[in-house]
Amino acid sequence: MGSNAGDRQKKRQIWRFTTERIRRVPMKLEREGIQIIPESEQKTGLWDMAFVWFCANVAVPRLLMGGSMAGLGFARAAAMLLWGNVLVILPLLALGVIGYKVRIPTMAAARMTFGIKGSYVPAIANAVQLIGWGASVTVVCGSSIDAVVSAMTGYSNITLWIILTGIVQLLITAYGFRSITWLQRVSVPLLALLSIYAAYLMIKNYGWSNLTAFRPESPMPIMLGIDVLAANAFAWGPMVCDYTRYAKNKSSSSVGTLIGSLAGAAGFMFVGMISSIVTGDPNPSSMLVSLGLGVPALLIIILSSVTTNVMNLYSSAISFVNVFPKIEPWKIIVGGGVAITGVAVIPNLIGHFIQFLTIVGSIFVPLIAILLVDYFLLKKQQVDAEQLLVDNASSSYWYKNGFNIRAIVIWLVGVAIFNILPHVAPTIGATVPTFLLIAVVYFAVEKLSPRKA
Ligand SMILES: Nc1ccnc(=O)[nH]1
């Protein structure tokens, strides 16, 4: 028989459990934002890691990017989605190794290269780009919901759906963060099945041979395709260690990230590519409506957007926490969520998506080249994580006044080169030349003019 005292104790336990959960989210973020996570927390296995990156990549912007790849013609686009994605994901995996080894988020690791304070510059750039990605995902999610709902009921109100999406993802990030792995385990099979089904319907309606024969009159240069894929993969770079620091072992960090990113990015872009060929419209909502997928389509859109934006919002908060450790993290999350929704309601935002990709590519391609050269070639993987967290001149990564000016200047030169190249040499793309050039220049400058001790 349960005594009264027993009941009361149980209630107290439930109450404690609930309040503890709610308080833990911001605390967790704060601790992790700055600290080295203990090895005992490195528990994410290969498949959970693959799920994380699959869910990250499966979101409507990848349909749009896939749509823009249709300009290569079917056969070349399909090959590019596979091999091009492998190529641009490799630097991401290399960067992920830093998270696994040093056990800190990417932007804290950037302190080793840019200086304790110098790292604030990429951290802010990252937080801002993530708000941009968050807004893009939210806006396409809102407008796709609107397309499906208005086809079914006649009721149309894009702003309402955008705001609702914004609220849901904010709540999930703030309170349900711990359930994200669970959410992803459910969504991965669902999303995979639904997108395979959508692809199957489109191929059946249009005809496989018509599809494979598709070739535009003047196909776009291959290297421009690489730029689109690279903008996607390199945009994940500044947050990859936020997740790989939890990897159980090396293969979970690299093979898990590769499998998930490749399946998610290439798979979903492939669906977007077919959709744009079949409907002649790069906007995926017309595909969803024309297939008459209704409720399943809504499910794909909402699940994929929320699982992606929880990551965008979480990592943008981590970047802000690195710069402003004194602001309470829950305020940063709410601020980020409100900013994402606020940007998403700007009219015709998505019309600027390709420009957004160019800006993102130009900032993060040279940044990642510099980080990789520094960690693997100059520091030879020897980094003192404790020293990275010392916020004053006694840190071994203080450089001068907290800034490694050389790294910052070379990075900015890279940003400029990336933006100028397409005007000078329109067919070679900007990613590969900028990456190689900046890697060589940074290596040479640091080698040829060693610092005074
Ligand atoms: N960081 C990101 C890269 C690419 N897509 C996103 O939604 N987020």
Side-chain angles (χ1 to χ4, degrees), residues 52-69 84-85 88-89 91-93 95-96 99 105-107 110 122-142 144 165-166 169 172-173 180 184 187 191 227-244 257 260-269 272 284 301-320 336-337 339-341 343-344 349-350 352-365 367-368 431:
V52 167
W53 290 107
F54 182 85
C55 286
N57 275 281
V58 173
V60 197
R62 250 61 65 191
L63 291 175
L64 281 174
M65 292 179 205
S68 77
M69 302 297 282
N85 267 313
V88 294
I89 290 170
L92 188 68
L93 304 182
L95 205 57
T106 327
M107 286 301 117
I124 297 275
N126 185 39
V128 172
Q129 77 136 350
L130 292 180
I131 289 174
W133 281 105
S136 317
V137 173
T138 307
V139 82
V140 206
C141 176
S144 305
T165 309
Q169 65 207 11
I172 293 191
T173 314
I180 181 78
Q184 284 170 337
S187 9
L191 291 169
D227 284 351
V228 174
L229 302 181
N232 182 50
F234 280 72
W236 294 113
M239 59 197 271
V240 64
C241 302
D242 305 7
Y243 300 91
T244 58
T257 305
S261 306
L262 186 62
F268 225 48
M269 286 180 191
I301 295 165
I302 295 170
L303 266 181
S304 65
S305 303
V306 169
T307 49
T308 297
N309 263 356
V310 167
M311 293 176 66
N312 283 331
L313 187 48
Y314 173 71
S315 280
S316 119
I318 287 206
S319 283
F320 270 125
I340 285 178
T341 316
V343 175
L349 188 70
I350 216 64
H352 301 286
F353 187 60
I354 295 290
Q355 276 157 288
F356 173 68
L357 287 185
T358 311
I359 297 175
V360 164
S362 73
I363 292 177
F364 296 105
V365 166
L367 177 79
I368 289 169
T431 304

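Both ligands and their constituent atoms are indexed starting at 1 by order of listing.
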For Met239, the ligand 1 atoms whose distance to one of its heavy atoms is below 4.0 Å: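 Here the atoms of ligand 1 in question are 1 (N).
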Atoms in ligand 1 flagged as close to Thr308, the criterion being non-hydrogen separation under 4.0 Å: 7 (O)
State, with a plain yes or no, whether a side-chain heavy atom of [X] is found less than 4.5 Å away from one of [Y].
| X | Y | result |
| --- | --- | --- |
| Met311 | Leu130 | no |
| Pro238 | Gln129 | yes |
| Leu357 | Val360 | no |

Flag for Thr138-Asn309: side-chain donor and acceptor within less than 3.5 Å: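 Present: a donor and an acceptor within the cut-off.
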Asn232 and Asn57: CA distance, side-chain angles, deciding distance, side chain to side chain donor-acceptor pair (under 3.5 Å) verdict: CA-CA 9 Å; Asn232 182 50; Asn57 275 281; 3.2 Å; yes
Trp236-ligand 1 polar pair, N/O distance under 3.5 Å: no
Identity and distance of the protein heavy atom lying nearest atom 8 (N) of ligand 1: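 For atom 8 (N) of ligand 1, the nearest protein heavy atom is Asn312 OD1, 2.8 Å.
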Region of Leu130 that comes within reach of ligand 1 [heavy atoms, distance under 4.0 Å]: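 The side chain, only.
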Region of Arg62 that comes within reach of ligand 1 [heavy atoms, distance under 4.0 Å]: side chain
